[in-house]
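Chain letters run A, B, ... following the sequence lines, proteins first, then strands; residues in each count from 1.
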Amino acid sequence: MSSKTLKKGYEPGEVERRWYAYWEAEGLFHADDKSTAPPYSIVIPPPNVTGALHMGHAHNNTLQDILCRYHRMLGDNVLWMPGTDHAGIATQNVVEKVLAEEGLDRHQLGREAFIERVWQWRREYGGRIIEQLKRLGASCDWKRERFTMDEGLSRAVRTVFVRLYAEGLIYRGNYIINWCPRCLTALSDLEVEHEDHNGHLYYIRYPFEKGEGWVVVATTRPETMLGDTAVAVNPDDERYQLSEGAKVVLPLMNRGIPIIHDRYVDTGFGTGALKITPAHDPNDFEIGQRHGLDVIKVIGDDGRMNENAGRFQGLDRFECRDEVLKALEEEGLLEKVEPYQHSVGHCYRCRTTVEPNLSKQWFVKVEPLAEKAIAAVEQGRTRIIPDIWTKTYFDWMRNIKDWCISRQIWWGHRIPAWTCQDCGELIVDMEAPEACTACGSGAMKQETDVLDTWFSSALWPFSTMGWPDQTPTLTTFYPTSVLVTGFDILFFWVARMMMMGLQFMDDVPFRDVYIHALVRDAEGKKMSKSKGNVIDPLRVIDKFGTDAFRFTLAAFAAQGRDIKLSEERIEGYRHFVNKLWNASRFSLMHLETFEPNKTAIDVSRLCVADRWILSRLDHVAETVRTALDDYKFNEGAGALYQFVWHELCDWYLEIIKPVLYGSQAGQTAADTPSAAREMTLAVLWCVLSETLRLLHPFIPFVTEEIWDKLPGTHGSIMRAHFPAGGQSRRDEEAEQIMALVMETISGIRNIRGEMNVPPGLLVHALVQSADEKIRGVLQHHREMITNLAKLETFEVAPPGERPASCATAVFSQGTIYVFLEGIIDFQAEQDRLTKEIAKIEKELRGIEKKLGNTSFLTKAPAQVVAGVKEKKQAFVEKREKLEKHLNIVKELLAAS
RNA sequence: AGGCAUGUAGCUCAGGGGGAGAGCGCUACCCUGACACGGUAGAGGUCCCGGGUUCAAAUCCCGGCGUGCCUACCA
C-alpha cells in the first residue's frame with residue numbers, strides 16, 4: 001500500500017479506517033450459501049436500534065469476531081449474521097421523547113403516523129450502532145443485515161403466531177399481569193426487575209359486621225384494601241375460630257366482605273389474617289378464583305385510583321396510600337406500623353414501579369416447548385459453556401410459567417388476530433380476513449396489541465436465514481455453530497430461541513452456547529449511566545486503538561469471572577500492540593529485500609536459536625488453537641503475549657541482531673556471514689508471518705497493516721491460513737540448549753545488576769563445569785553469551801582454582817565467575833551470597849521434612865520420591881559451593 | 001428464603017493434589033542503532049479462617065466469615 005517501512009510508533013486511527021474499508025470492499029466478510037467448505041455460523045445478538053455501543057456489546061462482539069476470523073483462517077465457510085432488534089418499548093419511548101420536544105404525543109399523531117415516525121427515526125439513526133460495530137472490527141456479512149421488523153422477519157413472526165395458536169399453544173385470557181403505568185403496557189415476568197425496598201408493614205383492623213371486635217390484617221400496600229373482597233385465614237390457625245362466611249366490614253368502603261379459609265395463608269406471618277385483593281395481586285387472584293370471590297379493580301391503567309375507589313378516586317396510587325393511612329388512623333383502625341423490607345418490581349425499561357393488574361392478554365403456553373428445550377440440552381445436542389450455566393438453564397426451564405406476549409404499545413408486530421364486530425368471532429390468520437368465517441360479516445377489527453419484542457428475537461436464528469421459506473442459507477448454516485452471549489439474557493433470549501428453534505426447525509438453533517461474563521468498572525460495579533461509571537468503548541478506541549481494546553477484552557475473558565475494566569489496563573495492552581509493531585518494524589528493516597520464495601528453511605543449517613524459536617512458535621500455535629476451540633480466549637491471548645514479548649522480542653530478536661548486522665558467522669564453517677544471515681532471515685520471516693496470523697483474530701488491524709508490508713504476502717491476512725502448530729518443528733534439544741544458555745546469561749546479568757556493574761562496562765566471565773557436554777554447548781554459543789551478557793571475554797573450563805576478585809553464581813550445571821577486578825564490593829558480594837544461601841536453605845528445610853517422613857517414602861510414587869531426592873542433591877551441592885565462595889569473600893573482606 | 005459463584009503479591013487476576021505465577025504498580029541502574037508505549041536486575045505472598053481426607057492440600061471435602069450475582073408469590 002505505501003512505503004515498506006513502518007513509523008516509529010503505531011498509529012491506529014488511520015490504519016483501522018483504511019483496512020476496514022478494504023475488507024468490506026473486497027467482500028472478505030461474505031459467506032457463501034453453497035460452498036463445499038465446512039460451514040461455521042454465528043448469529044449476532046441483535047442490539048437495539050436505539051442502542052449505542054456499550055462495553056457489553058464491545059466484549060460480546062469482540063469474542064464473536066475472534067471466533068469468526070479464526071474459523072475463516074481455518075478455511076471454514078463463515079457466516080456471521082448481523083442485524084438489529086426493533087426493541088418495541090425502548091424505541092417507542094425514544095421516539096415519544098422526540099415528539100414531546102415538538103410538543104406532540106403519539107395520540108395526537110395517531111397510530112399510523114406514529115409508526116411512520118418511528119421508521120423515519122430508524123432510517124436516520126438506526127444505523128448508528130452498526131457503524132460502531134464496524135469500528136470494533138466486526139467482520140459480519142453486512143450484505144445480509146436484518147431487522148426484526150423487516151418484511152421477511154415479520155412474516156416469520158406471523159407464521160409462528162398462527163401455528164402456535166392453531167396448536168393451542170397461544171391463548172388469550174384474563175389474568176394478573178405486570179403492568180407498567182408509565183409505558184401503559186403489560187410486561188412479562190422477566191421484564192420486571194425486583195429490588196429490595198425499605199417499606200412498612202401496616203396492621204389494619206377490619207371490624208366484625210356483627211358483634212364486637214375486629215380482625216387485624218397486615219399489608220405493605222394499604223391502598224389496595226379498597227379492592228379487597230375477602231379476608232383469608234388458615235383453617236388450622238387456632239387463633240381464628242371464625243366460621244367461613246362470617247363477615248367483616250371493609251374500612252373506608254363500608255362494604256361487608258367474607259372471611260374465607262385457605263391453606264395458602266401462612267400462620268406465622270403478620271397476624272395470620274390475609275386481606276384478599278384479587279384484582280391487584282397474583283396470589284390473591286388465585287385464592288379468589290378458588291373461592292369464587294368478586295374481583296374489584298381499584299387502580300386504573302394510569303396508576304391512578306379509579307371509580308371503584310370511592311372518595312379516593314383520581315389519586316395517584318402512592319398518594320392514595322398516604323390518604324388511606326390517614327383516614328384509617330382517624331378512625332382508629334390503624335393498629336401499628338412496622339418497618340419492613342420487601343422486594344418491589346420495576347419496569348426494566350423505565351424503572352417505574354409495576355402494578356400487578358388484572359387484564360386480558362395473550363399468552364404462550366410454554367411448558368410443552370420447554371420440555372423439548374430441556375431434552376435438547378440433556379442429550380447434549382446443545383452444549384452450554386461454561387457448564388455452570390446448564391443448571392441455571394434447567395432450573396428456569398423447569399419452573400417456567402406462561403409467557404405474556406401482548407404489549408399495549410404501537411411499535412412492534414401487530415398481533416394477527418381479528419374480531420368480528422357483529423358476532424364476536426376471533427380469527428387468527430396470516431392476513432386480514434375479508435369476512436367473518438362464522439357470520440360472513442365484513443366488519444373485522446384487528447387486535448390493537450403488538451407482540452413482545454422477544455417473541456421476534458426468539459426466531460432470530462432461522463428468521464434471519466429466510467424462514468419460513470426453505471432457503472439455501474438455512475440448509476447450509478442452520479443450526480448455527482455457537483451463540484455468544486451474556487448470562488443476563490439467558491432466559492429472555494437463549495431459552496426462547498431454543499424453544500422456537502426446536503418447535504419450528506425441528507433442530508436446536510445452535511450447537512454451543514458460550515456464556516461470557518459481564519464487563520464492570522474498575523471497582524467491580526456494574527456500569528450504568530446513573531452511576532456515571534461507564535467507559536465509552538468508542539472513546540477507548542479513539543484513545544488506545546481498537547486492537548489494544550480488543551486484546552484487553554480477550555485477555556481478561558476468563559470463564560466465569562467478570563471483567564473489571566479500567567483505562568489503565570487497556571493502556572497496558574496498547575503497549576503490547578506497540579511492541580509487536582516495533583518488533584515488526586525491526587524485522588522488516590532487515591527483510592526489505594528478502595524473497596521468501598527463494599529461500600527455503602534448511603533445518604540442518606539453522607542455529608540453535610532459530611530451531612528454538614520455531615519450536616516455541618509451534619508450541620504457541622497449538623496453545624492458541626486449543627484455547628480458541630475451547631472458548632478460552634484469555635489463554636490464547638496470554639500465550640501470544642508471552643511468546644511475542646518474552647520469547648520473540650526479549651530473546652530471539654536480541655540473539656539474531658549480530659547475525660543480521662553481519663558481524664557473526666553461521667552455524668557451519670561453510671556458511672559465510674551473508675549465507676548465515678539469509679538463513680536467519682528465512683526463519684525470521686517465517687516466525688513473523690505466523691505470529692501475525694496467530695494474532696490476527698485478536699488484533700486484526702495492526703496485523704493486517706504489518707502483513708501488507710511483509711514481503712512475499714499476497715492479499716489480506718484474513719485469507720491466510722491459521723498456523724497448524726502440532727509437532728513438526730518441536731525441537732526438544734534446542735529448547736534444552738537454549739534453557740542452559742539463557743540460564744547462564746541470566747546468571748551473569750544478575751551479578752551485573754546486583755553488583756552495580758556499569759551497564760556499558762564489558763567484563764570477563766568464566767564458567768567451570770564438570771560436565772564435558774555442558775562445556776561444549778557453552779563454548780559453542782560463546783558469542784551469544786558474550787553479546788547478551790555484555791562480556792569482554794567468555795571462557796569455559798573444568799572445575800579448578802577459584803579466581804580472585806570475582807562474584808559468583810551457581811547454576812544447575814556449574815559455577816559462573818564474573819571478574820570484577822577493581823570494582824568489586826566484597827561487602828555487597830557477601831550480602832548477595834548470604835541472601836542466596838538463605839533462599840536455598842528455606843527450600844531445603846521443606847525437602848528434608850518430606851524425606852524424613854517414612855510414609856512419604858513408602859506411599860508416594862517412586863517417581864515423585866526420586867524427584868525430591870534429586871532436587872535435594874542439587875540444592876545441597878549448590879549450597880556447598882555458595883558457602884565456599886562466601887567464606888573466601890569473608891576472608892578477603894577481613895584482609896582488606 | 002433458596003441457589004450459584006468467589007476470596008492467591010499493593011492492585012487486577014491466571015493456575016490448581018507433590019518446586020507459589022502473570023500483568024500493572026513499586027525499587028535500582030540504563031536514552032545499547034525495533035521499541036522510554038523501551039531495556040536489565042530486584043523487592044514483595046499464613047494462596048480468607050477452622051476442621052477433615054491424603055504419604056502430601058493453596059488445590060479435594062465439610063463448617064464458618066467476607067464479597068458479588070441470580071431466582072422467589074409469603075401479605
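- Taking a pair to require two hydrogen-bonding distances under 3.5 Å in either a Watson-Crick or a G-U wobble arrangement, G21(B) pairs with C13(B).
- Atoms CZ (Phe586(A)) and P (G38(B)) sit 17 Å apart, rounded to a whole Å.
- The distance between the ring centers of Phe698(A) and Phe633(A) does not fall below 6.0 angstrom.
- No side-chain donor-acceptor contact under 3.5 Å links His346(A) to the backbone of Val192(A).
- The nucleotide A41(B) finds its pairing partner in U27(B), both defining distances of the Watson-Crick or G-U wobble pair being shorter than 3.5 Å.
- Nucleotide G66(B) forms a pair with U6(B), judged by Watson-Crick or G-U wobble geometry with both contacts under 3.5 Å.
- In terms of position along RNA chain B, the nucleotide closest to Glu635(A) lies nearer the 5' end than the nucleotide closest to the other residue of the pair Glu635(A) and Leu857(A).
- Inter-residue side-chain proximity for Glu870(A) and Phe875(A) is flagged as unmet; no heavy-atom pair is nearer than 4.5 Å.
- Judged by closest nucleotide on RNA chain B, Phe487(A) is the one of Tyr264(A) and Phe487(A) placed further toward the 5' end.
- Summarising the local packing, CD of Glu848(A) is surrounded by more than 12 heavy atoms from other residues, nucleotides or ligands at distances under 6.0 Å.
- One donor-acceptor pair, N or O on each side, does fall under 3.5 Å between the base of C35(B) and the side chain of Lys579(A).
- Regarding contacts with the backbone of G38(B), a side-chain N or O of His575(A) is found under 4.0 angstrom from either OP1 or OP2.
- Look at Trp645(A) and you'll find a side-chain N or O under 4.0 angstrom from OP1 or OP2 of G39(B).
- At the phosphate of C37(B), neither OP1 nor OP2 sits under 4.0 Å from any side-chain N or O atom of Tyr573(A).
- Within the structure, a side-chain polar atom (N or O) of Asn750(A) is placed less than 4.0 Å from OP1 or OP2 of G42(B).
- Distances shorter than 4.0 Å separate some side-chain N or O of Lys8(A) from OP1 or OP2 on A36(B).
- Here His194(A) does not reach the OP1 or OP2 of C70(B): none of its side-chain N or O atoms lies under 4.0 Å away.
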